[in-house]
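Reading through the structure tokens given below for one structure.
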Amino acid sequence: MTVLDDWVTAVCAEVGLDPTEVPVSAVLDLARDVAHQVVRPGAPVSAYLLGVAVGRGADPADAAARLSALAADWPVRLDAELADPTS
């Protein structure tokens, strides 16, 4: 087991979840997509929102894929300082 596996198992035990039902790869892929294509702080927020959606009955794989697709289509926006290095 990896440290991540140990962590997920411990967290699941703490909050009463079955670790075999946690789509770790899908959550990590979503976090990566949002962090790289939207904004870094959006990664944990998106993972939380995915969890809320799943808790309300959404299919985990479908919801993660839809959010990753949304991130992939998100328009690139450069901050003013990055767009104009003289400012």
* Taking side chain as C-beta onward, heavy atoms only, is M1 less than 4.5 Å from T9? -> yes
* Structure fact -> Paired with V8, the side-chain contact (heavy atoms from CB on, under 4.5 Å) test is passed by just one of V3, V22, V27, namely V22
* To do: Examine the side chains of D5 and T2 and answer whether a donor and an acceptor come within less than 3.5 Å of each other.
  => yes
* Got L4 and V24 here, is their nearest side-chain heavy-atom distance under 4.5 Å? -> yes
* To do: Of all the heavy-atom pairs spanning L50 and P60, show the shortest one and how long it is.
  => CD1-O, 4.1 Å
* Asked: In Å and rounded to the nearest 0.5 Å, what is the OG to CZ distance from S68 to R32?
  -> 7.0 Å
* Looking only at heavy atoms, what is the nearest atom pair of A43 and A35, with distance? -> CB-CB, 4.0 Å
* Asked: Any chain of hydrophobic side-chain contacts (each under 4.5 Å) joining L28 to L30?
  -> no
* To do: State the CG-CG distance between L67 and L49, to the nearest 0.5 angstrom.
  => 8.0 Å
* Looking only at heavy atoms, what is the nearest atom pair of C12 and P19, with distance? -> SG-CA, 3.6 Å
* Asked: Does V39 belong to the same Ile/Leu/Val/Met/Phe/Trp/Tyr cluster as V34, with side-chain heavy atoms less than 4.5 Å apart forming each link?
  -> yes
